[in-house]
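The shown structure was predicted, so the numbers you read here are calculated from the model rather than taken from an experiment.
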Amino acid sequence: HKLERAAALRDRYSKRSFTDGSKFSLMGKEITLRVIQTQSNRALARLEGAALLILTPEADEKKIRAFVVAWFRYVATDMIVERVHAINRDVGFSFNRIIVRDQKSRWGSCSRRGTLSFNWRLLLIPPTVMDYLIFHELAHLKEMNHSVRFWRLVHALCPTFRESERWLNANGRAMFW
């Protein structure tokens, strides 16, 4: 059963399309990729309403994928940092800095020095799940493990964390494209 599930996720992951009309999630809202060929030598990506416009001289799918990823990474830094600070205002934990990265298999991490690292892919998941992952890493500032005390703290910070865990178990791998 585990092998079948892994194969299904691999298929879903490998079939991600980066063509005009492809659908993506941005903070729980669906956006549509619109690829517009232009005469310009430079590619440009921007969000207009519910459409992510890629204005490009070449409509090569590999290049479109690179533009989409670059756009998500660009906007992720501000959005994730802003969300961490908003959540932490209520909690008041102390940390050194926040880094947004392109991690291949992790959603986030917390170093002993107080650096919170988050994957740009947090933008692809529902906001409640993103909040849980932020609470999870903030909890590591107090408990640098996954002990019973850690999970009690996570539950105190985010009482609905189990729902987010279920969502991640069912859908999380598909976000790593």
| field | Atom pair CE (Met175) and CG (Leu123), whose distance is rounded to the nearest 0.5 Å | value | 12.0 Å

| task | Calculate, to the nearest 0.5 Å, the distance between atoms CD and CZ belonging to Glu143 and Arg152 respectively. | result | 10.5 Å

| message | Do Arg83 and Ile134 make a side-chain contact, defined as non-hydrogen atoms from C-beta onward lying under 4.5 Å apart? | response | yes

Which atom pairs, one a donor and one an acceptor, fall under 3.5 Å between side chains of residues 70-81 and the rest of the protein, sequence neighbours left out?
none

| message | Please say yes or no: joined through hydrophobic side-chain contacts below 4.5 Å, possibly via intermediate residues, are Met144 and Leu153 part of one cluster? | response | no

| task | Answer yes or no: does atom CD of Glu82 have more than 12 heavy-atom neighbours from other residues, nucleotides or ligands under 6.0 Å? | result | no

| Test log, rule side-chain contact (heavy atoms from CB on, under 4.5 Å), inputs Trp120 and Asp102 | CA-CA 6 Å; Trp120 65 263; Asp102 183 15; 3.0 Å; yes

| What about Phe18 and Trp177, are their ring centers closer than 6.0 Å? | yes

| message | Restricting to non-hydrogen atoms, name the atom on Pro57 and the atom on Ser40 that form the minimum distance, rounded to 0.1 Å. | response | CB-O, 3.1 Å

| More than 12 foreign heavy atoms under 6.0 Å from CZ of Arg101: is that the case here? | no

| task | Could you check if a side-chain atom of Arg113 sits within less than 4.5 angstrom of a side-chain atom of Arg97, using non-hydrogen atoms only? | result | no

| Below 4.5 Å, heavy atoms only, C-beta onward: do Ser109 and His140 meet side chain to side chain? | no

| With a 4.5 Å heavy-atom cut-off, do Arg34 and Leu52 have their side chains touching? | no

| query | Given His136, which of Phe118, Trp151, Phe161 fulfils the ring pair (Phe, Tyr, Trp, His ring centres under 6.0 Å) condition? | reply | Trp151

| query | Which heavy atom in Val129 sits nearest to a heavy atom in Ile125, and how many Å separate them? | reply | CG1-CD1, 3.7 Å

| task | List, by chain and then residue number, the residues other than Leu55 in its hydrophobic cluster (Ile/Leu/Val/Met/Phe/Trp/Tyr, side-chain heavy atoms under 4.5 Å); write none if there are no others. | result | Ile36, Leu44, Leu53

| remark: Output for pair (Met130 CE, Leu124 CG), nearest 0.5 Å, gives 9.0 Å

| request: Identify whether Ile99 and Trp107 are in the same connected component of the hydrophobic contact network (ILVMFWY, side-chain heavy atoms under 4.5 Å). | output: no

| message | I'd like to check the side chain to side chain donor-acceptor pair (under 3.5 Å) partners of Glu163; sequence neighbours left out, ordered by chain and number. | response | none

| message | Can you confirm whether Glu61 sits close enough to Arg65 that some side-chain heavy atom of one is under 4.5 Å from a side-chain heavy atom of the other? | response | no

| task | Measure the CG-OG1 distance between Asn41 and Thr56 for me, rounded to the nearest 0.5 Å. | result | 10.5 Å

| said: Please tell me whether Phe95 and His85 form a close aromatic pair, meaning their ring centres lie under 6.0 Å apart. | reply: yes

| task | Report yes if some heavy atom in the side chain of Leu168 is under 4.5 Å from a heavy atom in the side chain of Leu133; otherwise report no. | result | yes

| field | Spatial distance of atom CZ (Phe135) from atom NE2 (His155) [nearest 0.5 Å] | value | 12.5 Å

| message | Among Val35, Ile64, Ile54, Leu33, exactly one meets side chain to side chain contact (heavy atoms under 4.5 Å, CB included) together with Asp20. Which residue is that? | response | Val35

| query | Does the side chain of Ile87 reach to within under 4.5 Å of the side chain of Leu138, using non-hydrogen atoms? | reply | yes

| said: Could you tell me if the side chain of Leu116 sits less than 4.5 Å from the side chain of Leu141, heavy atoms only? | reply: yes

| message | Please check if the number of heavy atoms outside Lys62 that lie under 6.0 Å from its NZ is greater than 12. | response | no

| task | Evaluate side-chain contact (heavy atoms from CB on, under 4.5 Å) for Lys104 paired with Asn119, printing each intermediate quantity in order. | result | CA-CA 8 Å; Lys104 300 301 179 197; Asn119 196 319; over 6 Å; no

| note | Shortest non-hydrogen pair, Phe93 vs Asn88, comes out as O-ND2, 2.8 Å

| query | So which heavy atom on Asn145 is nearest to which on Ser147, and how close? | reply | OD1-OG, 2.8 Å

| note | Heavy atoms of Thr32 and Lys23 approach each other most closely as OG1-NZ, 2.9 Å

| request: Could you please spell out the steps behind the side-chain contact (heavy atoms from CB on, under 4.5 Å) verdict for Arg106 and Ser117? | output: CA-CA 10 Å; Arg106 290 181 172 216; Ser117 297; over 6 Å; no

| remark: Looking only at heavy atoms, the pair that brings Arg121 and Gln103 closest together is NH1-O, 3.1 Å

